[in-house]
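Throughout, a chain's letter reflects where its sequence line sits, starting with A, and its residues are numbered from 1. Values below: all heavy atoms of this structure, side chains included; hydrogens, waters and symmetry mates excluded.
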2 protein chains.
Amino acid sequence: MDISERKKRILRAVIEDYIATAEPVGSKTIAKHAGLDISPATIRNEMADLEAMGLLEQPHTSAGRVPSPGGYRFYVNELMEWHRLSIQETERLNAALHLKAQELDRVITEASRVISQLTKYPSYAISAGPSHVTIRRFDLLMVERQTFIVVVMTDTNLVRNKLLRLPADLSETQIQLLNRLLNASFTGLTSEEITPELMNMAKQTAEDAYALLAMAVSFAIEVMKEQGTYDVHLSGLTRLLEHPEYRDLERVQPLLSYLSEEKALSTLPMPDDSQVKIYIGPENVAGALQDTSVVVASYDIGDHMRGLIGIVGPTRMDYAKIAARLYYFADGLAKFLGPGAPPPEH
Amino acid sequence: MDISERKKRILRAVIEDYIATAEPVGSKTIAKHAGLDISPATIRNEMADLEAMGLLEQPHTSAGRVPSPGGYRFYVNELMEWHRLSIQETERLNAALHLKAQELDRVITEASRVISQLTKYPSYAISAGPSHVTIRRFDLLMVERQTFIVVVMTDTNLVRNKLLRLPADLSETQIQLLNRLLNASFTGLTSEEITPELMNMAKQTAEDAYALLAMAVSFAIEVMKEQGTYDVHLSGLTRLLEHPEYRDLERVQPLLSYLSEEKALSTLPMPDDSQVKIYIGPENVAGALQDTSVVVASYDIGDHMRGLIGIVGPTRMDYAKIAARLYYFADGLAKFLGPGAPPPEH
DNA sequence: GTTAGCACTCTCGCCCCTTGAGTGCTAAGC
DNA sequence: GCTTAGCACTCAAGGGGCGAGAGTGCTAAC
């Protein structure tokens, strides 16, 4: 976009003032801004130009100017200085990152809660599993007659178990045999690779105990599928109400309802490249997000797994600060969960 | 309370009309009620009496009457006819109860979601674990050098596992020994009964492998503790906004914020006797619930475990219908999860 | 190209008025 | 002595009018 230096400075002043106050910004306010030695009238002319370019908007004739989504976009792309976290801020974030070593989904939940608290916006967190999980190891345990435990471990080091009951009396030897069969035939395969033919072959070998084997395998498939799917979590929904743009019930309700729907969460932006992405107003696909912005950071947690953590808020938000915090936080999470991470403590 | 038959009929008419319309009820409206052949003037006199008794209230001088919390209480205790579910309703509830056989906490979540949908109020569900869980069985599996899986099964038939890494090279024989030791010494004990002395004794026996044993035991304790604690879940928070009493943001916000706090959920009513309990307005202890009512049903799910499922809404609610639905639903959940329940399907 | 001046526009808050619903009281009726 | 018609009174809600204030666009001078 071809735009004079002065216009840029004015645009930036308008946006930053509006971010801070939530009130339309007039020419006089900008004129008072240090560093800009021009009269309100000149600024008015410039602002009219900026409006014509689609970077500013007027709520009504006699109000000040407000940034348009396009204006925010231009600001984010070209004008914004990436916020440098203060020492206090990094300390707060570090403290928040001291999550207890727990199951992955607990970490996700907790991270989301914390980010929501720090940013004052609702936050969502997603852990996207790897696309190709395989089972690394099976263990079949007999608890008592007709009661068994199957334990599977994936190549992503996840261990899951299930209690099985079935009306079949099997000997210890049969169990051991079955165990060996499972480990020989069904490890290292993705769920798609476990075909009916394969199952049939197994049936030949372990006729008596086939029911148990089938249950163990279908549990394994379930675990692999579960790993591959997204796990989304949302926190701090009602923080929306703390922001002036949502003082009006008519305006919040659709957004609240949208965000409380489980399935809606999966329509939230989920970028799979870069580190911090910003979606401003109509850049969002979901209809209910047309007046909101989403800032989301993604991070690598090793083993082909990725995580996302983001926030949802009004288009008027301090993108610089929010993006910096998310970036830092995601980075911390990556270190905490990622490839080189230390084993969980006890 | 000593109160004439006619007053009762008027009170009931007021309450039921108010429940249906959410508007203060005037004497004329009541007079038109079939079955009451008295003039508005007489009704006005009676209503003034009912107000003096604290059963009705007037929002302002020239408005109709509105039930007070005490009025609702009297209605619930003495006037209300328990709603009989229609065939359609039981069918809807039955359909909703067809939950997939899954982990307990998934069932809880799902049940809460469904009840919220059916009642149009936010719903909470709690599974209260038994107070004395013990471990029934340990299994220690070696995955590879320095990597182990510990599997524990409680007397409530819950199976949990954890992946352990520790810098100790143990032989298969050692593992088996440890396994036997664990099963001999640490099964059948509650977490309190696992004393430092007991641990010390174990240390003597299994010196080399003590670190692994200690980790297995502390995991077991963790699992027992987890079982004993409450697990609370809330669904459909934003449904509050669908009700006219919450059209005002000032009024909803505190309630929404209260209910979105994780820890606040544990201050929700959790009766441990009877089957359906109703808490009206100020009968709730929590400050944020002074203007809301809570209806909660409890049910037995065997093994000394209990579940609760309840809803939160304005004091103006159709107690008869809501209570009947919760009762039916809780009953269904008890059958589904309870002592005589069939084993999970596959 | 910049700026002072000015008329114009539009929102917001305020006051006032009307309307309508509902009450309590009084006096008459059964 | 209870019931009821009649009536004056009260109060919330909605609508119109008005002034203040903020900000604009245009014009003309610098």
Problem set entry | Distance test, side-chain N/O of Arg44(B) to OP1/OP2 of dC7(D), below 4.0 Å | no
Exercise. Is the distance from OP1 or OP2 of dT23(C) to the nearest side-chain N or O of Ser27(B) less than 4.0 Å?
Worked result: yes
Exercise. Quick one: Glu23(A) CD to dG21(D) P, roughly how many Å, whole number?
Worked result: 17 Å
Exercise. Can you tell me how far CD of Glu283(B) sits from OG1 of Thr315(B), rounded to the nearest 0.5 angstrom?
Worked result: 10.5 Å
Exercise. Separation of Gln58(B) atom CD from dG22(C) atom P, in whole Å?
Worked result: 11 Å
Exercise. When the distance from CE of Met47(A) to P of dT2(C) is rounded to whole Å, what number comes out?
Worked result: 15 Å
Seminar exercise, completed: Between Pro24(A) and Asn45(A), whichever has its closest DNA chain D nucleotide further toward 5' is Pro24(A)
For this session: Look at the side chain of Thr42(A) and decide which nucleotide, out of dT4(D), dG23(D), dT2(C), has an atom nearest to it.
Result: dT2(C)
Exercise. Is any side-chain nitrogen or oxygen of Thr61(A) closer than 4.0 Å to OP1 or OP2 of dT24(D)?
Worked result: no
Exercise. CD1 of Ile43(B) versus P of dG24(C): gap in Å, rounded?
Worked result: 13 Å
For this session: Give the nucleotide from the list dA12(D), dT3(C), dT24(D) with an atom nearest to the side chain of His60(B).
Result: dA12(D)
For this session: Please state how far atom CD in Glu5(A) lies from atom P in dG1(C), giving the value in whole angstrom units.
Result: 18 Å
For this session: Assert yes or no for the condition that the ring centre distance of Tyr319(A) to Tyr75(A) is strictly below 6.0 Å.
Result: no
For this session: Measure from CD1 on Ile30(B) to C1' on dT4(D) and round the result to the nearest Å.
Result: 18 Å
For this session: Mind calculating the distance between NZ (Lys7(A)) and C1' (dG1(C)) to the nearest angstrom?
Result: 12 Å
Seminar exercise, completed: note: Glu46(B), atom CD; dC25(C), atom P; distance rounded to Å ~ 15 Å
For this session: For Ser116(A) and Arg239(A), test the side chains for any donor-to-acceptor distance below 3.5 angstrom and give the result as yes or no.
Result: yes
For this session: Look at Arg65(A) and dG25(D) and indicate whether a side-chain polar atom (N or O) is within less than 4.0 Å of OP1 or OP2.
Result: yes
Exercise. Looking only at side-chain N and O atoms, does Ser62(A) come under 4.0 Å of OP1 or OP2 in dG23(D)?
Worked result: no
Exercise. Thinking salt bridges, do Lys120(A) and Glu242(A) make one under a 4.0 Å N-O criterion?
Worked result: no
For this session: Return yes if a side-chain donor-acceptor contact under 3.5 Å exists between Thr109(B) and Ser112(B), otherwise no.
Result: no
For this session: When you get a sec, tell me which of dT4(D), dT3(C), dT3(D) is the closest nucleotide to the side chain of Arg6(B)?
Result: dT3(D)
